[in-house]
There are 2 protein chains.
Amino acid sequence: MFNLLYKKISAITPVNEEEFDYFKTFFILKKLRKRQYFLQEGDVCKYQAFVVKGLLRSYTIDGKGSDHILQFASEGWWMADLSSYLTNDPSFLNINALEDVELLLLTRPKWEQAMKEIPALEHYFRIIIQNHLVSTQKRLLQSLAETAEEKYHRFLATYPECVQRVPQHMVASYVGVSRETLSRIRKQAAERK
Amino acid sequence: MFNLLYKKISAITPVNEEEFDYFKTFFILKKLRKRQYFLQEGDVCKYQAFVVKGLLRSYTIDGKGSDHILQFASEGWWMADLSSYLTNDPSFLNINALEDVELLLLTRPKWEQAMKEIPALEHYFRIIIQNHLVSTQKRLLQSLAETAEEKYHRFLATYPECVQRVPQHMVASYVGVSRETLSRIRKQAAERK
DNA sequence: AAATAAATGTGACGTATATCACATTTATTT
DNA sequence: AAATAAATGTGATATACGTCACATTTATTT
């Protein structure tokens, strides 16, 4: 259950076993079936989730009813509506399971307590948040600078495993292109080869 | 010189004076005149900069020669190409001064050392990076979900001070719209009023 | 195994926004 | 104060991509 989390943390910073055993007690285990919601727009995001198994997505729905995916999270990644989690404001995001998932949930107070009591954890979270920021900045600039086709191919190159597990129209939604356009881009690319 | 930095840090976490005096010794003071570069594409980003006075921007130039602004940083904000700073890879970003600036520079090794020796600083940086991530995620979703006009007006609402100090075509570049389109959006909005 | 739902493909058409080109206004430099 | 450079405005035209509508294929549920 906690092996993956342990592995992920120690890849970044040494944690002694005692500390980690203590940290374990902070979590709540949660399972969701495919299509179930972890968070719905308007609710407050009370937990962040470490994905032990399966795949989640977070997304907004715009005024016209189209959805835009912010993030996918598979095994070893964290998922939450950070903004709502930190402010306790109602969420603008939806988060649901794309496959059956097993999650380790951590409330905000427990999270803060853990980081306070175990400095290595503050370091760990600083690093992963920092990495997350770097990749989000890259994605933002790419969304400004690149064409639909370039964005799609960069997505393929960056998240090859994800493409196997996620339906095409969600890749389109993540990349910022309509599903029809993505279908045409793929056709062209196939013909060129 | 360091007053603003002290204020900014203590707004987030208590720091005792001794620690802060020690932290001070880690910085290099740097002044740049308007239009001068802090970082040029291809160079490694050796410093992150705390802006004491003035205004900076970071941006990429795409294949067609258009530029896309990632960030503005005025008094009290940090600026760097985080990716290059962390990896030592050549930067894809340019950073230059939009006004004469005074900066406090911090190298990567000094930064790491400071956070290691003063745990409050790791906390401080975790928080500001986290806030930065939240706002970047919002901006990303808005860039996917909103029209040019909505994006512009949201920019006005979010960064009213910035609009006073930054030329219009850079606002356009930040928002992800051509300068001509922004000019027309403004005309329309003025007519409607 | 049938029934239902989800995902994908594809043509016809529409539109928001980019691009180009030049004029005008506003800053900056010498 | 003149000269030069930067920024903005505006029309005409182009285009990448979205939207709509329906057919086809592939999963999921009962």
Side-chain angles (χ1 to χ4, degrees), chain A residues 32-37 54-55 57 59 61-69 72 96-100 142-156 162-191, chain B residues 32-37 54-55 57 59 61-69 72 96-100 142-156 162-191:
Chain A
L32 291 176
R33 316 246 13 223
K34 185 170 177 174
R35 272 173 249 275
Q36 279 193 304
Y37 280 85
L55 183 60
R57 97 222 231 233
Y59 64 98
I61 302 175
D62 68 22
K64 290 183 205 140
S66 331
D67 58 306
H68 303 276
I69 295 179
F72 296 110
N96 73 353
L98 302 184
E99 302 171 357
D100 296 355
Q142 285 154 15
S143 87
L144 294 172
E146 297 184 338
T147 64
E149 187 176 1
E150 288 166 335
K151 282 185 260 184
Y152 171 61
H153 284 117
R154 188 183 295 279
F155 179 83
L156 289 189
C162 194
V163 183
Q164 308 305 115
R165 293 167 76 175
V166 165
Q168 220 184 96
H169 73 276
M170 291 192 190
V171 173
S173 164
Y174 181 95
V175 165
V177 173
S178 73
R179 54 173 207 80
E180 293 93 335
T181 297
L182 183 59
S183 172
R184 284 173 190 123
I185 286 170
R186 283 163 50 85
K187 194 186 178 189
Q188 271 179 258
E191 278 167 3
Chain B
L32 290 177
R33 315 242 18 219
K34 185 168 177 173
R35 272 173 249 274
Q36 279 193 304
Y37 280 84
L55 183 62
R57 99 225 229 232
Y59 63 100
I61 302 176
D62 68 22
K64 290 183 205 141
S66 331
D67 57 308
H68 303 276
I69 294 179
F72 295 111
N96 75 352
L98 303 183
E99 302 170 358
D100 296 356
Q142 285 153 15
S143 88
L144 294 172
E146 297 183 337
T147 64
E149 186 176 1
E150 288 165 334
K151 282 185 260 183
Y152 171 62
H153 284 116
R154 190 183 293 280
F155 179 82
L156 289 190
C162 194
V163 182
Q164 307 305 116
R165 293 167 77 175
V166 164
Q168 222 185 95
H169 73 274
M170 290 189 189
V171 173
S173 164
Y174 181 94
V175 166
V177 172
S178 73
R179 54 175 206 78
E180 293 94 335
T181 295
L182 183 59
S183 172
R184 285 172 189 125
I185 286 169
R186 282 162 52 83
K187 194 187 177 188
Q188 272 178 258
E191 279 166 2

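Every chain is numbered from 1, with letters handed out A, B, ... down the list of sequences.
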Inset, instruction - Identify, between A:Arg179 and B:Ala148, the residue whose nearest nucleotide on DNA chain C lies closer to the 5' end. - result: A:Arg179
Legend entry - Nearest atoms (heavy-atom pairs only) where A:Tyr59 meets A:Ile69: CB-CA, 3.8 Å
Inset, instruction - Let me know which of B:Arg35, B:Gln36, B:Arg57 forms a side-chain hydrogen bond (donor to acceptor under 3.5 Å, both in side chains) with B:Asn96. - result: B:Arg57
Legend entry - Given C:dA21, C:dA18, D:dT19, the nucleotide with the shortest approach to the side chain of B:Thr181: C:dA18
Inset, instruction - Return the value, rounded to whole Å, for the distance between atom NZ of B:Lys187 and atom C1' of D:dT8. - result: 13 Å
Legend entry - Value in whole Å for how far the P atom of D:dA16 lies from CG of B:Asp62: 15 Å
Inset, instruction - Measure across A:Tyr152 and A:Val175 and return the closest heavy-atom pair with its distance rounded to 0.1 Å. - result: N-CG1, 3.9 Å
Inset, instruction - Report the nucleotide, chosen from C:dT10, D:dA7, D:dG9, that has the shortest atom-to-atom distance to any side-chain atom of B:Ser183. - result: D:dG9
Legend entry - Phosphate OP1/OP2 of C:dT8: any A:His169 side-chain N/O under 4.0 Å: yes
Inset, instruction - Take the protein atom CG of A:Leu182 and the nucleotide atom P of C:dA7, then report the distance between them rounded to whole Å. - result: 14 Å
Inset, instruction - Could you tell me the separation between the CD atom of B:Gln164 and the C1' atom of D:dA7, rounded to a whole number of Å? - result: 16 Å
Inset, instruction - Report the base-pairing partner of C:dT15 (Watson-Crick or G-U wobble, both distances below 3.5 angstrom), or none. - result: D:dA16
Inset, instruction - Specify the separation, in whole Å, of atom CZ of B:Arg165 and atom P of D:dA7. - result: 16 Å
Inset, instruction - Between A:Lys34 and B:Arg35, just flag the one whose closest nucleotide in DNA chain D comes earlier from the 5' side. - result: B:Arg35
Legend entry - Cationic N near anionic O, under 4.0 Å, B:Lys34 to B:Asp100: no
Inset, instruction - Check the distance between C:dT15's P and A:Glu180's CD and give it to me in whole angstrom. - result: 16 Å
Inset, instruction - Ignoring backbone atoms, establish whether B:Gln168 has a side-chain N or O less than 4.0 Å from OP1 or OP2 of D:dA6. - result: no
Inset, instruction - Mind listing the closest non-hydrogen atom pair of B:Glu99 and B:Gly54 along with its distance? - result: OE1-CA, 3.6 Å
Inset, instruction - Scan every strand shown for a Watson-Crick or G-U wobble partner of D:dT25, both distances under 3.5 Å, and answer none if you come up empty. - result: C:dA6
Inset, instruction - Could you tell me the separation between the CD atom of A:Gln36 and the P atom of D:dT28, rounded to a whole number of Å? - result: 16 Å
Inset, instruction - Starting at atom CG of A:Asn96, determine the distance to atom P of C:dA6, rounded to an integer number of angstrom. - result: 13 Å
Legend entry - Proximity to the side chain of A:Arg184 - top-ranked nucleotide from D:dC17, D:dT19, D:dA6: D:dT19
